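Quick caveat: nothing in here was measured; it's all calculated off a predicted structure.
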Amino acid sequence: QIMSDKINFETSLKSLEDVVSKLEKGECSLEESIALFEKGMANVKECSKALKEAEIKINTLGEGE
């Protein structure tokens with residue numbers, strides 16, 4: 001489970017970085033830019049979800065001590 005979470009977070013983060021890089025270049029059409037933005041927002045949600053889950057796990061582990 002932990003390894004899967006790490007892969008999902010890192011994969012989503014890398015994808016988000018790629019999206020930002022493409023958008024910053026400004027070489028995409030409007031339609032491509034919108035599609036990239038949508039993809040980027042999905043990546044942000046995945047990263048945020050993974051970070052929240054990690055925070056919950058850390059807090060749970062801390063309560064056990």
Side-chain angles (χ1 to χ4, degrees):
Q1 175 88 23
I2 292 173
M3 193 62 153
S4 177
D5 290 344
K6 182 178 179 182
I7 292 170
N8 289 338
F9 175 78
E10 291 185 0
T11 300
S12 292
L13 184 59
K14 174 65 175 141
S15 181
L16 179 58
E17 290 170 348
D18 292 343
V19 165
V20 170
S21 176
K22 289 177 184 175
L23 288 173
E24 285 179 339
K25 289 181 183 176
E27 298 172 353
C28 300
S29 69
L30 178 60
E31 291 81 16
E32 291 170 325
S33 295
I34 291 170
L36 283 170
F37 182 80
E38 289 175 341
K39 181 179 178 182
M41 291 306 296
N43 292 136
V44 167
K45 287 181 183 179
E46 284 296 316
C47 289
S48 179
K49 178 182 171 187
L51 289 173
K52 285 179 185 178
E53 289 173 0
E55 181 181 15
I56 290 169
K57 287 178 186 177
I58 290 168
N59 288 336
T60 301
L61 290 171
E63 289 174 1
E65 293 185 14

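Residue pairs satisfying the side-chain hydrogen bond (donor to acceptor under 3.5 Å, both in side chains) criterion with at least one member in residues 14-23, sequence neighbours excluded, are listed as follows: Lys14-Asp18, Ser15-Asn43.
For Val44, the side chain to side chain contact (heavy atoms under 4.5 Å, CB included) partners are Leu16, not counting sequence neighbours. Scanning for side chain to side chain contact (heavy atoms under 4.5 Å, CB included) contacts around Leu23 gives Val19, Ser33, Leu36, with sequence neighbours left out. Not counting sequence neighbours, the partners of Glu38 by the side chain to side chain contact (heavy atoms under 4.5 Å, CB included) test are Ile34.
Considering CD of Glu53 and OG of Ser48, their distance stands at 10.0 Å, rounded to 0.5 Å.
Its side chain outside the 4.5 Å cluster rule for every partner, Ile56 clusters with none of the Ile, Leu, Val, Met, Phe, Trp and Tyr residues.
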